[in-house]
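The structure appears below as structure tokens.
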Amino acid sequence: MFVGVGASRVRDLFENGKKHAPCIIFIDEIDAVGRSRGAGLGGGNDEREQTLNQLLVEMDGFEVNEGIIVVAATNRPDVLDPALLRPGRFDRHVVVPSPDIKGRENILKTHSKNIKLDKKVILNKIARGTPGFTGADLANLVNEAALWAARQDKETVDNDDFEYARDKVMMGAERRNDLISDEEKETTAYHEVGHALVAASIEEVDPVHKVSIIPRGRALGVTMLLPEEDRHSHNKRSLLGQITMTMGGRAAEHLVFKRFTTGASDDLKRATELARKMVCQWGMSEKLGPLTYTEDAGHVFLGRDLQQHPEFSNESMRMIDEEVLEILNSSYERAKSILKTYRKALESLALTLLEKETIDGENVLKVMQEFAPKTKK
């Protein structure tokens, strides 16, 4: 009944554009109509494909559309039809990455210009502590800080408010109403301190910012690391350090309680994913060499890779599993060794965490230095 409506609207859009030229036609979320054609599922005469075909015809570069500039935005450039991306249709592809430190500072200035800030608030310092934040994240950060300050009946938004807001944005809202048994709370405390001690012991891992056993999101506790600068690549040592830190919680549980819990499930998932990427994507395995062992999953509903064929042998798959397991086991043993060395610090910090619920990175370092093993002369 409505077949051809989308194509008709595209024609009307460009006809209106010609009447009002010079003009800009902006298409948001172009992947809604611009997905690859020829999926082979459902035929090629569906409404979306007709709409895309008409859009391609209007932008073919042969018809005189002078004075019309087409701008489009999408978060999924990988699913767009190749015909859309060729020169003559969209000549320039602009990638918008997450902002750097300077960009984050300017975004914070923009969103906080109508908010009364405390004189001690330094936006550059907040920008340094929010690596990876997008513009929307930073806007949310400022709003959460202002709301929290208002709830505390403050006249200005200070550093504590921004600290609270950052924790909420990065780790989720606190769930203080959850009833958690003493045994579970104790296990969580040792688990999180295990992460913190291993992270603080490895130079390549980001500094520990905060350790908490207050439930947030779906986690019973969190160990927050804060990078000192933006990073765009990682070397093998830093990646192994990250995996070792991730194993710290499970190692602490086994060292203290001689048992494992489900609390380490997310840690194991992240560690396994990272180890597999090291072996399969980044060529960081000496045994397998500088090769990529990844299969392009493709998009079945876009008609790509309906029948996948492995690009490597079963023997290679077995070697990959062995290498991944070797990385995980060695990282776990390294974490366990660190915690054995700092066993007294582990006990002390866990007791402090059970009492205060939250401790900062400075306290972790202070207790580590206090209980550091004495070197023999």
Side-chain angles (χ1 to χ4, degrees), residues 1-39 41-100 102-114 127 130-144 169-170 232 296-304:
M1 181 176 179
F2 296 105
V3 171
V5 171
S8 174
R9 286 176 177 170
V10 170
R11 284 194 295 272
D12 292 342
L13 174 66
F14 277 86
E15 283 175 12
N16 268 326
K18 292 171 189 175
K19 292 176 184 176
H20 295 88
C23 71
I24 296 173
I25 294 177
F26 176 67
I27 307 172
D28 196 13
E29 304 296 349
I30 193 171
D31 55 278
V33 295
R35 287 176 180 264
S36 289
R37 295 165 293 174
L41 303 171
N45 292 318
D46 60 66
E47 178 65 13
R48 182 187 56 76
E49 286 204 2
Q50 290 189 34
T51 306
L52 173 58
N53 288 336
Q54 187 60 45
L55 186 61
L56 292 172
V57 168
E58 295 292 346
M59 295 175 65
D60 63 4
F62 292 101
E63 193 173 337
V64 180
N65 279 334
E66 292 181 1
I68 297 178
I69 297 174
V70 182
V71 180
T74 179
N75 290 321
R76 294 296 308 276
D78 56 310
V79 304
L80 294 180
D81 194 282
L84 264 179
L85 302 177
R86 72 164 177 79
R89 290 204 168 99
F90 287 108
D91 297 290
R92 294 187 181 181
H93 304 162
V94 181
V95 178
V96 183
S98 298
D100 57 11
K102 191 65 179 175
R104 293 197 296 273
E105 184 180 356
N106 289 330
I107 293 171
L108 286 168
K109 285 179 181 177
T110 300
H111 289 297
S112 61
K113 64 182 179 182
N114 295 325
T130 51
F133 272 43
T134 62
D137 290 329
L138 294 168
N140 190 23
L141 175 76
V142 175
N143 288 336
E144 288 291 348
V169 172
M170 293 182 74
H232 304 288
D296 184 5
H299 301 276
V300 173
F301 291 100
L302 298 179
R304 302 177 190 169

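Computed from a prediction, not measured in an experiment: that's the story for all the values here.
Taking CG of Asp78 as the start and CZ of Arg35 as the end, the distance is 8.5 Å to the nearest 0.5 Å. Between the CD1 atom of Ile68 and the CD1 atom of Ile24 there is a distance of 11.5 Å, given to the nearest 0.5 Å. To the nearest 0.5 angstrom, Lys18 atom NZ is 10.5 Å from Leu13 atom CG. With rounding to the nearest 0.5 angstrom, the CG atom of Leu56 is 11.0 Å from the OG1 atom of Thr51. A distance of 13.5 Å separates CZ of Arg9 from CG of Asn16, quoted to the nearest 0.5 Å. Here the straight-line distance linking atom CZ of Phe14 with atom CE of Met59 works out to 6.0 Å at 0.5 Å rounding.
The two residues Gly67 and Ala21 come nearest to each other via the heavy atoms O-CB, 4.1 Å. Closest heavy-atom contact between Val95 and Pro97: O-CD, 3.2 Å. Here the closest heavy-atom approach between residue Gln50 and residue Ala7 is recorded as O-CB, 3.8 Å. When all heavy atoms of Arg76 and Thr74 are compared, the closest pair comes out as N-OG1, 2.9 Å. Closest heavy-atom contact between Pro82 and Ser36: CD-OG, 4.0 Å. Across all their heavy atoms, Gly34 and Leu52 have their closest contact at CA-CD1, 3.8 Å.
For the pair Glu105 and Lys109, the salt-bridge criterion is met [side-chain N within less than 4.0 Å of a carboxylate O].
Two residues are said to be in side-chain contact when any heavy atoms from C-beta on lie closer than 4.5 Å; Leu84 and Ile30 meet this criterion. Taking the side chain as every heavy atom from C-beta outward, Lys102 and Asn106 approach each other to under 4.5 Å. Side-chain contact between Asp137 and Asn140: absent, with no pair of heavy atoms (C-beta onward) separated by less than 4.5 Å.
Within a 6.0 Å sphere centred on NE2 of His20, other residues, nucleotides and ligands contribute 12 heavy atoms or fewer.
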Exercise. Could you go step by step and tell me if Ile107 and Phe133 meet the side chain to side chain contact (heavy atoms under 4.5 Å, CB included) rule?
Worked result: CA-CA 11 Å; Ile107 293 171; Phe133 272 43; over 6 Å; no
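With no hydrogens or angles considered, a side-chain donor-acceptor pair links Glu58 and Gln54 at under 3.5 Å.
Every side chain to side chain contact (heavy atoms under 4.5 Å, CB included) that Leu141 has, sequence neighbours left out, goes to Leu108, Ile126, Thr130, Leu138, Phe162, Ala165, Arg166.
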